[in-house]
Amino acid sequence: GAVVSQHPSRVICKSGTSVKIECRSLDFQATTMFWYRQFPKQSLMLMATSNEGSKATYEQGVEKDKFLINHASLTLSTLTVTSAHPEDSSFYICSARRQGTSKNTEAFFGQGTRLTVV
Amino acid sequence: AQSVTQLGSHVSVSEGALVLLRCNYSSSVPPYLFWYVQYPNQGLQLLLKYTSAATLVKGINGFEAEFKKSETSFHLTKPSAHMSDAAEYFCAVTSFYSSASKIIFGSGTRLSIRP
């Protein structure tokens, strides 16, 4: 099956610094990638939809200046948490869906990134 | 608009017993439905998906789910629980029509298995 690679799997950063998380589709092209945030023992909350070559679409309540998304190629999307604070500590997961076919509408998920801001 | 509701945040069954995890969906367009499993500190793994072909869908690890349009349900079952099934399970919905459509998740059900 298709593979989505997310890096890093775990990161600890100091408050006020920025952290970049990468999401790569390894064996398929993805015009659209999704970024989710998951709090402990809760579901995945969609943060934004990342569109190759254009601006990301953010969900209501998600600060676009706080969570910068760049989708520079058909296989890579990045999420940068700017000026991180302890409340940004969470599990971030990306997903990608195959481009251009209705037969493969499932999303493939990265392994997740555990961000801890100290 | 689309949404899913998972009934029961925590389900506990004995090893060897039937597993039933409930999911009801709401969708203004024909839905694609999924069940994902998540183990601690890991991403999501697809168990099975409904894509408008057969209404009874078989997935990995002995799981299956039945799409019932009249009941707007997509419940997940497994005849005999195994200890390794203990995990968090998420039901999800997206649009049939577009691979760019959002995937919306339910709140999740934690499955515990008693020895």
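Reminder, nothing fancy here: chain letters follow the sequence lines and each chain counts from 1.
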* **Residue A:Leu44 versus chain B: region with a heavy atom under 4.5 Å** =>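 Both the backbone and the side chain of A:Leu44 come within 4.5 Å of chain B.
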* Checking heavy atoms, do the side chain of A:Gln6, its backbone, both or neither come under 4.5 Å from chain B? ->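 Contact with chain B involves no heavy atom of A:Gln6 at all.
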* Asked: If you check every heavy atom in residues 106-115 of chain B against those of chain A, which residues fall under 4.5 Å?
  ->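 The residues closer than 4.5 Å to chain A, in numerical order, are B:Gly106, B:Ser107.
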* Is A:Ser25 reaching over with its side chain to a backbone N or O of A:Phe28, donor-acceptor style, under 3.5 angstrom? ->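 Indeed, once roles are kept as given, a pair shorter than 3.5 Å links the two residues.
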* Just by distance, do the side chain of A:Trp35 and the backbone of A:Ser77 share a donor-acceptor pair under 3.5 Å? ->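 Side chain of A:Trp35 to backbone of A:Ser77, a donor-acceptor pair under 3.5 Å: no, none is there.
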* Under 4.5 Å heavy-atom distance to chain A, tell me which part of B:Leu44 shows up: side chain, backbone, both or neither. =>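 Both backbone and side chain of B:Leu44 come within 4.5 Å of chain A.
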* Check each atom of B:Gln45 against the heavy atoms of chain A and say whether the ones under 4.5 Å are side chain, backbone, both or neither. =>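 Neither part.
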* Given the rule that I, L, V, M, F, W and Y join up when any side-chain heavy atoms are under 4.5 Å apart, are A:Val19 and A:Met47 in one cluster? ->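 Cluster IDs for A:Val19 and A:Met47 match.
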* Ring-ring centroid check B:Tyr89 B:Phe63, cutoff 6.0 Å ->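 Yes, close enough.
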* Quick one: are the ring centres of B:Phe105 and A:Phe109 less than 6.0 Å apart? ->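 Yes, the ring of B:Phe105 comes within the 6.0 Å limit of the ring of A:Phe109, centre to centre.
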* Nearest heavy-atom neighbours spanning B:Ser3 and B:Ile104 ->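 Reported closest heavy-atom pair: CA-CG2, 4.4 Å.
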* Take atom NE2 of B:His10 as the centre, draw a 6.0 Å sphere, and report whether it contains more than 12 heavy atoms from other residues, nucleotides or ligands. =>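 Check passes, neighbour count above 12.
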* **Best-contacting candidate, A:Cys94, A:Gly110, A:Ser43, against chain B by heavy atom pairs under 4.5 angstrom** =>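 The answer is A:Ser43.
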* Asked: If you count heavy-atom pairs under 4.5 Å between each of A:Met33, A:Gln38, A:Arg10 and chain B, which one has the most?
  ->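 The answer is A:Gln38.
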* Asked: When the ring planes of B:Tyr36 and B:Phe34 are compared, do they come out parallel, tilted or perpendicular, using 30° and 60° as the limits?
  ->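 Correct class here is tilted.
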* Does the side chain of A:Thr31 pick up a donor-acceptor pair with the side chain of A:Glu52 at under 3.5 Å? ->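 The criterion, which ignores hydrogens and geometry beyond distance, is not satisfied for A:Glu52 and A:Thr31.
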